[in-house]
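One structure below.
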Amino acid sequence: MVKEKTLKPSKELPLGFVDRKEKELLIRDFVISNIKEVMIKYGFQYLETPSFEYTDSIGKFLPDKDRPGEGVFSFKDENKWLSLRYDLTAPLARYVAKNYLEIPKPFKRYQLGTVWRNEKPGPGRYREFLQFDADYVGTKNLQADAELCVLISEILEKCGLDKADYIVKISSRKFTDKLFEQLKITSQDQISTTLRALDKTDRLGWEEVKKLLGEGRKDKSGDYTKGANLKNDQIKIIEDALKNKTPNSEDVEEIIKIFQAYNFKNYQFDPSVIRGLEYYTGPIFEVNLNFEVKNLKGKTIQFGSIGGGGRYDNLINNFGNLDCPATGISIGLDRFVFALMQKKDFKIKSTRPVIICVFDKNKIKEYIEILSNLRNSNISSEIYPGEGKLKKQMEYANKIGSPAVILYGDDEIKSGKVTLKNLETGNESSIKIEDLANEIRKLL
RNA sequence: GCAGCUGUAGCUCAGUUGGUUAGAGCACUAGUUUGUGGAACUAGGGGUCGGUGGUUCGAGCCCACCCAGCUGUACCA
């Protein structure tokens with residue numbers, strides 16, 4: 001008989017997806033609770049929309065609209081294309097359009113949710129991640145834009161960042177619009193290429209960007225990128241405009257005034273902040289971290305932005321004749337958590353249970369008594385859930401990071417006390433059962 | 001998409017100019033210790049050498065194609 005090849009299910013994860021462990025999740029929870037507190041304080045409503053939307057509801061403004069664009073995960077359901085949301089702004093626009101008459105105007109809402117992007121993942125960038133998004137809908141008042149920046153900074157500081165750890169960069173689409181007018185560039189193609197090139201200033205540096213503005217650039221791998229074909233004098237004008245760190249743009253000036261009223265100083269006007277192409281219509285912002293972050297291989301990396309946003313006065317109008325200006329900001333929470341885990345002095349309390357070791361299965365009643373006592377005192381605890389000798393139980397406790405182990409065998413039963421072993425120091429002490437909870441609390 | 005690099009044990013990797021039964025460290029299991037983890041020692045399990053085809057007496061190693069991953073780059077609402 002021929003041996004059939006057994007089909008084993010793959011234990012590998014799809015490209016760009018990851019398992020996330022407790023330490024990361026606890027920090028994420030901590031960040032989320034800070035976000036919620038701040039958002040309530042600033043008067044935002046909490047909203048949740050579904051993971052799937054009709055593709056055209058969230059993709060209408062995409063260049064190719066017949067088929068779900070590259071970049072989204074989609075499937076066809078009853079002849080209609082559905083896509084997993086790729087951000088929280090597009091679903092918000094859909095929500096606002098759908099409920100336009102009922103919602104208050106302006107409408108302030110925040111949302112936390114997983115988003116998916118069907119694209120090539122990079123270091124620290126996945127195809128599934130958690131996003132936080134806050135938006136002001138239905139107002140042109142730049143106070144909204146300013147407040148988004150202030151609020152983000154409050155969240156970051158609440159999570160333990162110092163002022164030196166981050167900066168909010170701001171610019172405006174109006175700044176670049178003016179620049180193109182001055183340069184007499186009208187070709188949409190050239191404008192796009194130029195904007196994309198400028199967007200890379202942070203990562204590549206001005207000298208490389210210059211090549212992209214001109215003929216083109218060859219990267220490290222030898223790959224060649226075509227440039228915007230600007231003339232040298234045009235490039236010079238751009239260079240000068242970027243050097244000039246005063247915002248030649250009314251909206252940015254007004255926002256800065258509001259920042260001053262808030263006594264918010266941790267911002268910087270940076271005309272190289274571009275963020276995407278069509279979508280934004282006015283002020284744009286980006287949040288950057290300044291502290292050192294290492295990648296999984298221990299190499300220090302340039303972490304870049306953890307989020308950003310801007311004003312999108314025409315997006316909601318795509319759903320019909322709704323003149324509804326809006327502005328918003330998003331943070332990639334997993335990326336932020338990844339960085340936060342590495343910040344010096346950042347500690348999160350983990351809560352691993354104390355283990356009650358099992359010497360004799362017939363003594364289960366006594367063990368449960370001790371256990372109930374601890375759990376009633378709100379101490380994380382468990383009776384060793386497996387089977388095996390004490391050695392194995394100790395190994396288990398050690399491996400899960402348990403702070404202590406409780407021994408209650410024949411010797412203890414005779415003396416009427418339990419042995420509490422501190423797993424960090426290895427010290428053992430004999431404790432009366434009624435004092436156990438208090439003694440353990442001292443270790444935690 | 002384009003380009004470069006890399007695929008050998010759960011993980012990190014070694015493997016001579018092609019030559020018997022493919023190695024190490026970590027991890028795992030058992031024991032040294034029938035009531036004691038993190039250290040040490042001993043023993044053990046674990047591999048279609050990414051896949052397919054080819055060259056060869058003989059392929060982890062050479063060739064071709066495919067697949068996957070990494071890095072850069074492009075696109076990115």
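Letters A, B, ... mirror the listed sequences (proteins, then strands); counts begin at 1.
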Any A:K391 side-chain N or O less than 4.0 Å from OP1/OP2 of B:rG37: yes

N/O donor-acceptor pair, side chain A:N398 with base B:rG37, under 3.5 angstrom: yes

Looking for any heavy atom pair under 4.0 Å, which part of the strands does A:E12 touch: base, sugar-phosphate only, or nothing? nothing

Ignoring backbone atoms, establish whether A:K11 has a side-chain N or O less than 4.0 Å from OP1 or OP2 of B:rC11. no

Identify whether any heavy atom of A:E395 sits under 4.0 Å from a base atom; if not, whether one sits that close to sugar-phosphate; answer base, sugar-phosphate or nothing. sugar-phosphate

Taking only N and O in the side chain of A:K211, is any of them less than 4.0 Å away from OP1 or OP2 of B:rU73? no

Roughly how far apart are A:W116 CH2 and A:E128 CD, rounded to 0.5 Å? 6.0 Å

Kindly say whether, by distance alone, the side chain of A:K389 makes a donor-acceptor pair under 3.5 Å with the base of B:rU34? no

Looking for any heavy atom pair under 4.0 Å, which part of the strands does A:G426 touch: base, sugar-phosphate only, or nothing? base

Any ion pair linking A:E208 and A:R217 (charged N to carboxylate O, less than 4.0 Å)? yes

Determine which nucleotide pairs with B:rA24, using a 3.5 Å limit on both distances of a Watson-Crick or G-U wobble pair. B:rU12

Distance, nearest 0.5 Å, that separates CG of A:L436 from CG of A:N373: 7.0 Å

Short side-chain N/O contact from A:K200 to OP1 or OP2 of B:rG72, under 4.0 Å: no

State yes or no: are the ring centers of A:Y46 and A:Y110 separated by less than 6.0 Å? yes

Could you identify the nucleotide paired to B:rA43, looking across every strand shown and requiring Watson-Crick or G-U wobble geometry with both distances under 3.5 Å? B:rU29

Given the C1' atoms of B:rA9 and B:rG23, what is the spacing between them in whole Å? 10 Å

Start with the C-alpha gap between A:E439 and A:K442, add the side-chain angles, then the distance that decides, and say whether salt bridge (Lys or Arg N to Asp or Glu O under 4.0 Å) holds. CA-CA 5 Å; A:E439 286 301 317; A:K442 285 182 198 162; 3.1 Å; yes

Taking pairing as Watson-Crick or G-U wobble with both contacts under 3.5 Å, can you name the mate of B:rC5, or confirm there isn't one? B:rG69

For the P atoms, the ones on B:rA22 and on B:rA59, what distance do you get once it is rounded to whole angstrom? 14 Å

Nearest to the side chain of A:L390 - B:rA74, B:rG37, B:rG35? B:rG35

Using the C1' atom in both, what is the distance from B:rU8 to B:rG4, to the nearest Å? 22 Å

Choose from B:rG35, B:rU73, B:rG37 the nucleotide whose nearest atom is closest to any side-chain atom of A:R217. B:rU73

Counterpart base for B:rU56, defined by Watson-Crick or G-U wobble contacts under 3.5 Å: none

Please determine, for the side chain of A:K392, which listed nucleotide (B:rC70, B:rA30, B:rA77) has the closest atom? B:rA30

Compare side-chain N and O positions of A:R117 against OP1 and OP2 of B:rA77 and report whether any pair is under 4.0 Å apart. no

Can you check the distance between B:rC76 and B:rG1, where both ends of the measurement are the C1' atom (answer in whole Å)? 13 Å

Rounded distance in Å between the C1' positions of B:rG25 and B:rU21: 23 Å

Look at all strands and tell whether A:L407 reaches a base, only sugar-phosphate, or nothing, counting heavy atoms closer than 4.0 Å. base

Under 6.0 Å between ring centres, would you say that holds for A:F269 and A:F175? yes

Can you check the distance between B:rA3 and B:rG47, where both ends of the measurement are the P atom (answer in whole Å)? 38 Å

Considering just the side-chain nitrogens and oxygens of A:R125, establish if one lies under 4.0 Å of OP1 or OP2 belonging to B:rC76. no

Using a 4.0 Å heavy-atom cut-off, does A:L13 contact any base of the nucleic acid, only the sugar-phosphate backbone, or nothing at all? nothing

Look at the side-chain N and O atoms of A:R203 and state whether any lies under 4.0 Å from the OP1 or OP2 oxygen of B:rU73. yes

Answer yes or no for this row: A:Y86 ring on B:rA77 base, centroids under 5.5 Å, planes under 30°. yes

Base, sugar-phosphate alone, or nothing: which one does A:E424 contact when heavy atoms must sit under 4.0 Å apart? base

Only pairs with both distances under 3.5 Å count, Watson-Crick or wobble alike; so what is the partner of B:rU34 in this structure? none

Which word best sums up how the rings of A:Y312 and A:Y279 line up, parallel for under 30°, tilted for 30 to 60°, or perpendicular for over 60°? tilted

Are OP1 or OP2 of B:rC76 and a side-chain N or O of A:K120 less than 4.0 angstrom apart? no

